[in-house]
Amino acid sequence: KGVARSGTYLFRVREQGGALAERSKAKGDRSFGFYDHVFPVRGKHQYGDGIGAARQGHSHQGQDVFARCGAPLVAARAGKVQVKGFQGGGAGHYVVIDGKKSTRDYVYMHLKGKATVGEGDRVRTGQRIGEVGESGNASGCHLHFELWSKPGWYEGGHFLNPTRKLKKWDRWS
């Protein structure tokens, strides 16, 4: 009846008509994590400018995550690729993913090159979508990450501050 909540789960196995299987402490904990999002930068990283930082003619709308150029970039949430593009004076190579059953759009900017997924493609949570870069108007290699409410990015949705979510996903990824 819906998607399981993020958290830690434990399988309990029972023989048909029998008792629960014994859990050996020698083999360690058999619990596992189930999370509906992952942190998009796969590798060592640090947080940069956040929401509202001054920019020429506007304020910063996104959270920057600095990492080495070429670090793998993955989809934070499963969904459908809505836009794959390039904007020389701003975003550089970017991709927008409409999050599956989330009412959110996930925006990844300043990729090293073209995204490895195309418009209309369905992606899985954690699927590689590109690499961290500094394309467009960027200083240093980083991901500029945005989160948008429905109906979505440049479709009448509203920008949502992604910083708390990113830090939460960072803790468990």
List the residues meeting side-chain contact (heavy atoms from CB on, under 4.5 Å) with D121, not counting sequence neighbours, and say none if there are none. V81, V117
Using 0.5 Å steps for rounding, measure from the CG atom of L111 to the CD1 atom of I129. 6.5 Å
What residues form a side-chain contact (heavy atoms from CB on, under 4.5 Å) with K112, not counting sequence neighbours? E131
When rounded to the nearest 0.5 angstrom, what distance separates CE in M109 from CG in D64? 10.5 Å
Could you pull out all residues at least two apart from E155 that satisfy side chain to side chain donor-acceptor pair (under 3.5 Å)? Q82
Set of side-chain contact (heavy atoms from CB on, under 4.5 Å) partners for K100, sequence neighbours left out: A78
Taking side chain to side chain donor-acceptor pair (under 3.5 Å) as the test, write out the residues that go with H110, two or more places apart. none
Sorted by chain and number, sequence neighbours left out, side-chain contact (heavy atoms from CB on, under 4.5 Å) with S102 holds for R77, R104, Y106
Quick check: do V96 and Y154 have side-chain heavy atoms less than 4.5 Å from each other? no
Hey, are the side chains of V83 and V95 touching, using non-hydrogen atoms and a 4.5 Å cut-off? no
If the condition is side chain to side chain donor-acceptor pair (under 3.5 Å), which residues does Y47 pass it with, not counting sequence neighbours? D170
According to ring pair (Phe, Tyr, Trp, His ring centres under 6.0 Å), does anything in residues 61-88 pair up with another residue at least two apart or in another chain? List the pairs. F66-H142, F86-H93
List the atom of P151, the atom of G157, and the distance in Å for their closest heavy-atom pair. CD-N, 3.6 Å
Is the closest side-chain heavy-atom distance between W148 and V107 below 4.5 Å? yes
Checking one residue: V74. Which other hydrophobic residues are in its cluster under the side-chain 4.5 Å linking rule? V38
Taking all non-hydrogen atoms of both residues, which atom of A67 and which atom of A71 are closest, and how far apart? CB-CB, 4.2 Å
How would you list all residue pairs meeting disulfide bond (SG atoms under 2.5 Å apart) that involve residues 127-173, not counting sequence neighbours? C69-C141
Here the side-chain hydrogen bond (donor to acceptor under 3.5 Å, both in side chains) pairs for residues 158-169, sequence neighbours left out, are Q63-T163, N161-T163
Heavy-atom donor-acceptor pair, Y108 side chain to I97 backbone, under 3.5 Å: no
State the NZ-NZ distance between K84 and K114, to the nearest 0.5 angstrom. 6.5 Å
Please check: side-chain N/O of Q127 versus main-chain N/O of A75, any donor-acceptor pairing under 3.5 Å? no
Which heavy-atom pair separates W153 from E146 by the least distance, and what is that distance? NE1-OE1, 3.7 Å
Residue list, side chain to side chain donor-acceptor pair (under 3.5 Å) with Y94, at least two apart or on another chain: none
Taking all non-hydrogen atoms of both residues into account, name the closest pair between L166 and P40 and its distance. CD2-CD, 3.8 Å
